[in-house]
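We name chains A, B, ... by the order of the sequence lines, and we start the count at 1 in each one. As a basis for the values below, the full set of heavy atoms in this structure was taken, side chains included, without hydrogen atoms, waters or symmetry mates.
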Number of protein chains: 2
Amino acid sequence: MPARTGRPPKISRADIVSAAHRIIEAEGTEGLTMRRLAREVGTTPMALYHHVHDKEELLLLLLDDYAAEMPRPELPDESAERMAAAAVALHDALAGRPWIVDVLRADDLLSVNALWYPETIIDAAVRAGLTLERAVDAYRIIWHYTAGEITARAAARRRREEGGPTYRRRVFAELDAEALPRLAAVGDRWEELTARDTYGEGLRALVVGLLANRFAMGGPSMKRSGSDDDPMD
Amino acid sequence: MPARTGRPPKISRADIVSAAHRIIEAEGTEGLTMRRLAREVGTTPMALYHHVHDKEELLLLLLDDYAAEMPRPELPDESAERMAAAAVALHDALAGRPWIVDVLRADDLLSVNALWYPETIIDAAVRAGLTLERAVDAYRIIWHYTAGEITARAAARRRREEGGPTYRRRVFAELDAEALPRLAAVGDRWEELTARDTYGEGLRALVVGLLANRFAMGGPSMKRSGSDDDPMD
DNA sequence: GCTACTTTCTATACGCGTATAGAAACTCGC
DNA sequence: GCGAGTTTCTATACGCGTATAGAAAGTAGC
């Protein structure tokens, strides 16, 4: 029954997504606007909104398309290494696409086609001896770190491209060496030190710590200092 | 020589920042637009741009103001606990303010008045035995995790407020239980499990891992300690 | 063929951040 | 007192994402 009711569509979701791909490829993230996209597809901007809820959903579709082709590398057998390797693969796949950043806030599950990554990480964590619940926690923690690193990376790149290194200079120039001796000791080298890629190092530390499991949830040690009230609700 | 040349200003940066504070207090983040702010200050939108480079700088000023009053809690003496306590204080101070998210991508130093946090964390890391360079790396890694967690938290809150829980439902409904057994096992409980606050847990894992320092930079891999699943000794 | 109904697409408009051009209001050198 | 220079403020406009209203183009029942 291919006979559907209503005005027949001139464009499809797939048309939109592939046009978006083309634009991003040719003109980068900034070139992808709903108006520009409409022109590319050959329709009006608002027509897009009948196929896509908003721009964020469009980016999610783009991610999903892209995720289908992301590398699923051979993984080591040992659990900790396996977790780290899967996370690195996820990180590397995402870090290369600047527009990803706009979608990172969307969800911790990313897209359907990217579910292989959480699955693999959670599975490795369970194999390493965590309960399923704690494995999920571990995945989310790794994800927060990963998303944060990618965001910072993108911001640093943007800063580099825009050229204005003034702010950090000013900070270190005005810095009170008595109150902040460590930062003063770093001084001009901040720029250089923070340019290094520390994702892998942090990830390994995280995996080690998560599996070491020194501080079980609700455990007594390393209690939070300061007031007890949680400012989020 | 208080007699400066040029047309005398009607408004100051301080006026702008305090008006912005007022608006955010009264109407939340969404209420803070450059046009609304201009109305509050009693001027035109473009006049603001002579005192503030762009909206992001305004938010940074707001953060700096706010940072001056952030809690600097009494810290434990032991280094690892000290690092964690400072990071938790930073996290809690930032997590309460939704608009912070827009500024998180700005810089890893945040604002001048917030430098106490990196200083404290780096200092504790050095005391724990890291070199200054590695202590800076540790701080940045902690910062990436913290920023990522806060962003995800804000996104989750937004999702909660907007009410649409459809996406995750759909994901788990369509989920291929053979290809993704762990996620399938979690199933409906994903929502519940990911609502938990795991910042502290992750942070402690990170600190443990960073100080355990098993995998020095440039080291060969995570192999090293045999093929044991218990990475702590 | 007409009417009702459904789906898709178009036109218009709003508020956003901010670029650009130039007017306004002051000091200074003469 | 008057032009030159400097700083600040105003007017206008652009492109953005997208809300809203309604026109267009089909099918289904009569």
Side-chain angles (χ1 to χ4, degrees), chain A residues 1-17 19-20 23-24 26-62 98-99 101-103 105-106 155 158 162-164, chain B residues 1-17 19-20 23-24 26-62 98-99 101-103 105-106 155 158 162-164:
Chain A
M1 67 210 64
R4 300 229 301 95
T5 173
R7 177 175 178 169
K10 294 168 54 176
I11 61 175
S12 68
R13 248 165 114 109
D15 292 340
I16 292 174
V17 172
I23 292 176
I24 277 202
E27 310 172 26
T29 311
E30 298 141 25
L32 184 63
T33 73
M34 297 304 276
R35 289 169 154 90
R36 171 79 186 76
L37 181 55
R39 235 182 301 131
E40 183 80 15
V41 178
T43 182
T44 58
M46 290 313 295
L48 302 175
Y49 286 85
H50 269 263
H51 303 267
V52 146
H53 181 249
D54 55 17
K55 191 178 180 181
E56 187 173 312
E57 181 179 321
L58 170 66
L59 293 178
L60 224 64
L61 291 173
L62 228 47
W99 53 270
V101 178
D102 295 322
V103 132
R105 29 182 79 198
R158 204 193 50 183
E162 288 176 1
Chain B
M1 62 186 61
R4 301 230 300 94
T5 173
R7 178 175 178 169
K10 295 169 56 177
I11 62 174
S12 68
R13 249 165 114 109
D15 293 339
I16 293 174
V17 172
I23 293 175
I24 278 202
E27 308 171 27
T29 310
E30 297 142 27
L32 184 62
T33 73
M34 298 304 274
R35 288 168 153 91
R36 170 82 186 76
L37 181 55
R39 234 183 302 128
E40 182 80 14
V41 177
T43 182
T44 58
M46 290 312 294
L48 302 176
Y49 286 84
H50 269 263
H51 303 268
V52 147
H53 181 248
D54 56 16
K55 192 177 181 183
E56 188 173 312
E57 181 179 322
L58 171 67
L59 293 177
L60 223 63
L61 290 173
L62 229 48
W99 53 271
V101 179
D102 295 322
V103 133
R105 29 181 82 196
R158 204 193 51 183
E162 286 175 4

Tell me the interatomic distance from [X], atom [atom1], to [N], atom [atom2], rounded to whole angstroms.
| X | N | atom1 | atom2 | value |
| --- | --- | --- | --- | --- |
| B/Met34 | D/dA13 | CE | P | 21 Å |
| B/Glu30 | C/dC16 | CD | C1' | 13 Å |
| A/Arg35 | C/dA11 | CZ | P | 14 Å |
| B/Leu48 | C/dT18 | CG | P | 11 Å |
| A/Ile16 | D/dG17 | CD1 | C1' | 15 Å |
| B/His50 | C/dA23 | NE2 | P | 15 Å |
| A/Asp102 | D/dC16 | CG | P | 15 Å |
| A/Tyr49 | C/dT8 | OH | P | 17 Å |

Heavy atoms from C-beta onward define the side chain here; which of [options] lies closest to that of [X]?
| X | options | result |
| --- | --- | --- |
| A/Met46 | C/dT10, C/dA25, C/dC16 | C/dT10 |
| B/Thr44 | D/dT18, D/dG26, D/dT10 | D/dT10 |
| A/Pro9 | C/dT8, D/dA13, D/dT7 | C/dT8 |
| A/Pro45 | C/dG17, D/dT12, D/dT18 | D/dT18 |

Could you grab the distance from atom CD1 of B/Ile16 to atom OH of B/Tyr49, nearest 0.5 Å is fine?
10.5 Å
To the nearest 0.5 Å, what is the distance between NZ (A/Lys55) and CG (A/Leu48)?
11.5 Å
Distance test, side-chain N/O of [X] to OP1/OP2 of [N], below 4.0 Å:
| X | N | answer |
| --- | --- | --- |
| A/Lys10 | C/dC9 | no |
| A/His53 | D/dT18 | no |
| B/Thr5 | D/dG5 | no |
| A/Thr33 | D/dG15 | no |

B/Glu30 bridged to B/Arg158 by N-O distance under 4.0 Å:
no
Any idea which heavy atoms bring B/Gly31 and B/Ile23 closest together, and the distance?
O-CG2, 3.6 Å
Of B/His53, B/Met34, B/Arg13, B/His51, which is the lone residue that meets side chain to side chain contact (heavy atoms under 4.5 Å, CB included) with B/Leu58?
B/Met34
Assign each of B/Gly42 and A/Arg7 to its nearest nucleotide of DNA chain D by heavy atoms, then name whichever residue's nucleotide is nearer the 5' end.
B/Gly42
